[in-house]
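Following: one structure in structure tokens, then a few remarks.
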Amino acid sequence: MRLSRYFLPVLKETPADATVASHRYMLRAGMIKQNSAGIYTWLPLGHRVLKKIEQIVREEQNKAGAIEMLMPTIQSADLWRETGRYDAYGPEMLRITDRHDREMLFGPTNEDMITDVFRSFVRSYKDLPKMLYHIQWKFRDETRPRFGVMRGREFLMKDTYSFDLTKEDAVKSYNKMFTAYLNTFARLGIKAVPMKADTGPIGGDLSHEFVILAESGESEVFCHRDLVEMAPPGDVDFEGDLSHIFDERTSLYAATEEMHDAEEFAKIPKDKQLSARGIEVGHIFYFGDKYSAPMKATVMDSNGKPQNVMMGSYGIGVSRLVGGIIEACHDENGIVWPKSVAPFGVGIINLNMKDEACGVAATDFYEKCVEAGLDPLYDDSPDRGGVKFSRMDLIGLPYQIVIGPRGLKEGIVEVKDRATGERQNLSPEAAMNLLVEAFA
RNA sequence: CGGGGCGUAGCGCAGCCUGGUAGCGCACCUGUUUUGGGAACAGGGGGUCGCAAGUUCGAAUCUUGCCGCCCCGACCA
């Protein structure tokens, strides 16, 4: 993409409303625009990141055997009455009346609806297990939206629902998602720690939150230090036994504030005790027949007897992750994107648009990057060097290629690694090789 | 939902206390000179001062009501 043809409204000054780093940088980098409290437009740069995260989440869900579908944002109140949640959910649910005075709502989650879908079609235990998911916008009318997209009212969430005949089988599904989540967050370039969690209003008795450690986190969390650096499971057989992965993580202490047990925590060696602020980016629940029972979602077992299906639900805050990743990956100059989610792979800076040789070299490098699939952003604006440098640092692409008249005379371009700040002077060919290898 | 704060040009702010018809920096437009870490000079455009009512000869400024947004807390993906 050529910057001159793109839509990248960066801000030089920090908007007064933004107090946390990710919110400030998202506004300044032209990723989002606030429309009202907790509701945002995703501008082109932000949209790219959102879609990249979404795609990684999708791929890891598919690997784990979950099947993608799409349910609507608007739901009928009737379904929620069946489970008693229409009254239980409270003012956080946005209630709407249609022209026929029918009560509708903008879905804050989809347990009720997916249970309805399931019971409409599935009759036999032979169809189990099943894991279904969608990636859809949710609305929760928070009393106090804040921190930009990290606590919006409208947000994009991946929610998976598992259906099994028995609790024992449901725990296997739970472990699949537990494992998939570890891989997902690792691919996103962040360290998310699974922590024993309160089940909240969704209910159930087995639940973990996946938490990124960051100073701006909303809640306090406690865990064993080793959990933070533990390598992800990587390629595993999702049809095989995954309990060792679950056991390995859960044998070390990790809990959110509500579930914190100071006595247990104290048993950890002092140098391994970690208490920090955390951002919840994923949450998984097992809740048995909480919804299948009232909604009569049953399948025939091998004896021909109807059984309530045992369910779990598994959420990842896709839009929240954009902010969460920035909280974990930024410096004083701006965002430092992990390669996997960066909006563009490499930024090319032409230091002097009026210098003909410079233009030829930069355009040539740009076109080669396109061919190599590096997804480059070419700053072909007439701005001065300083403006281009600081803008490129702000939007945080993993690599910057600086092409200027001075270097070209020596036959070199400068390659800057955004994360380390390290710069190398290389021939264009060597620079290209470096980039291709970096993204291989 | 309790407590606090803010709303004046696209962004960041001053002016309000003490009423007299709106200003600064950045951004934007034109021109010239510049061009390796947010250039300089000259000229220019842009605001019914959140909305409504009231007080007054006169309201950004005083009064009342409403709306919007932010921060702390409680609540939550």
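The figures that follow rest on heavy atoms only: side chains count, while hydrogens, waters and symmetry mates do not. Throughout, protein chains are lettered first and strands after them, A, B, ... in sequence-line order, and every chain is numbered starting at 1.
Ion pair A:K63/A:E59 not flagged as a salt bridge, since none of the NZ, NE, NH1 or NH2 atoms sits closer than 4.0 Å to an Asp/Glu carboxylate oxygen.
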What pairs of donor and acceptor atoms, side-chain ones from residues 350-358 of chain A against any protein atom, are under 3.5 angstrom apart with sequence neighbours left out?
unit_1	atom_1	unit_2	atom_2	d
A:N350	OD1	A:N352	N	3.0
A:N350	ND2	A:Y378	OH	3.1
A:N352	OD1	A:K354	N	2.8
A:N352	OD1	A:D355	N	3.3
A:D355	OD1	A:A357	N	3.1
A:D355	OD1	A:C358	N	2.9

Distance-only donor-acceptor pairs under 3.5 Å for side chains of residues 7-14 of chain A, two or more places apart:
none

For residues 325-347 of chain A, run the donor-acceptor check on the side chains, cut-off 3.5 Å, and write out each pair with its distance to 0.1 Å, sequence neighbours left out.
unit_1	atom_1	unit_2	atom_2	d
A:E327	OE1	A:S216	OG	2.6
A:E327	OE2	A:S22	N	2.8
A:E327	OE2	A:S22	OG	2.7
A:H330	ND1	A:I326	O	2.7
A:H330	ND1	A:E327	O	3.3
A:D331	OD1	A:N333	N	2.8
A:D331	OD1	A:G334	N	3.2
A:D331	OD1	A:R418	NH2	2.9
A:D331	OD2	A:R418	NH1	2.7
A:W337	NE1	A:I395	O	3.0
A:S340	OG	A:R187	O	2.6

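Not a single side-chain contact (heavy atoms from CB on, under 4.5 Å) links A:N433 to another residue, sequence neighbours left out. Residues passing the ring pair (Phe, Tyr, Trp, His ring centres under 6.0 Å) test with A:F106, sequence neighbours excluded: A:F139. For A:H134, there are no ring pair (Phe, Tyr, Trp, His ring centres under 6.0 Å) partners two or more places apart in sequence or in a different chain. Under the side-chain contact (heavy atoms from CB on, under 4.5 Å) criterion, A:D17 pairs with no residue at all, not counting sequence neighbours.
Heavy-atom distances under 4.0 Å link RNA chain B to A:R384, A:G386, A:V387, A:F389, A:S390, A:D393 of residues 378-394 of chain A, given in residue order. The stretch residues 50-82 of chain A does not touch RNA chain B, since none of its heavy atoms comes less than 4.0 Å from the strand. For the segment residues 410-420 of chain A, residues with any heavy atom less than 4.0 angstrom from an atom of RNA chain B are, sorted by number, A:E414, A:K416.
As judged by a 4.0 angstrom heavy-atom cut-off over every strand, A:G315 is placed among residues making no nucleic acid contact. At a threshold of 4.0 angstrom between heavy atoms, the contacts of A:G282 with the nucleic acid are absent.
For residues 391-408 of chain A, the side-chain hydrogen bond (donor to acceptor under 3.5 Å, both in side chains) pairs, not counting sequence neighbours, are A:D379-A:R391, A:S381-A:R391, A:D383-A:R391, A:D393-A:Q400, A:D393-A:K416.
Between A:F118 and A:F163, the ring planes are parallel. Angles under 30° get that label, and only those over 60° would be called perpendicular.
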Write out a two-atom table: protein N or O, nucleotide N or O from nucleotides 66-70 of chain B, distance below 3.5 Å.
unit_1	atom_1	unit_2	atom_2	d
B:C69	OP1	A:A37	N	2.8
B:C69	O3'	A:Q34	NE2	3.2
B:C69	O2'	A:D17	OD2	3.2
B:C70	OP1	A:Q34	NE2	3.1
B:C70	O3'	A:D17	O	3.4

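A:V149 approaches A:G323 most closely through the heavy-atom pair CG2-N, 3.8 Å.
B:U48 and B:U8: their P atoms are spaced 13 Å apart (whole Å). Atom name P, nucleotides B:G7 and B:C26: the rounded distance is 23 Å, in whole Å.
Seen from the ring of A:Y89, A:R95 does not count as a face-on cation partner, given the 6.0 Å and 45° thresholds.
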